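Worth saying up front: this structure is predicted, and the values here are computed from it rather than measured.
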Amino acid sequence: DNSSVLAISPDGTRAYVSTFGIQEGGPALTVVDLENWRVVGRMRGWAFPRQIAFRRVPSRQGSQ
């Protein structure tokens with residue numbers, strides 16, 4: 001199954017799309033800036049992504 005997966009960041013500014021391109025080096029997660037409509041990066045190094053999830057990371061009080 002080579003269907004793409006799409007996720008929009010919780011703040012709505014970025015799209016994360018699983019892609020597969022032999023010319024581009026195989027499976028990747030492509031990051032698109034939705035405010036400027038441009039690709040800002042591709043993350044590689046794993047099998048074809050089938051799910052994308054976001055989670056909140058609590059900030060640590062007192063850290064700067």
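For the pair A28 and R44, the tightest heavy-atom approach, listed with the atom from each and the gap, is CB-CG, 3.8 Å.
Remark: V31 engages R14, Y16, V40, M43 in a side-chain contact (heavy atoms from CB on, under 4.5 Å) (not counting sequence neighbours). Every side-chain contact (heavy atoms from CB on, under 4.5 Å) that I8 has, sequence neighbours left out, goes to L6, A15, L34. Scored by the side-chain contact (heavy atoms from CB on, under 4.5 Å) test, T13 finds S9, D11, E35 as partners (sequence neighbours excluded).
For the side chain to side chain contact (heavy atoms under 4.5 Å, CB included) criterion with V5, the lone passing option out of I52, L29, V17 is I52.
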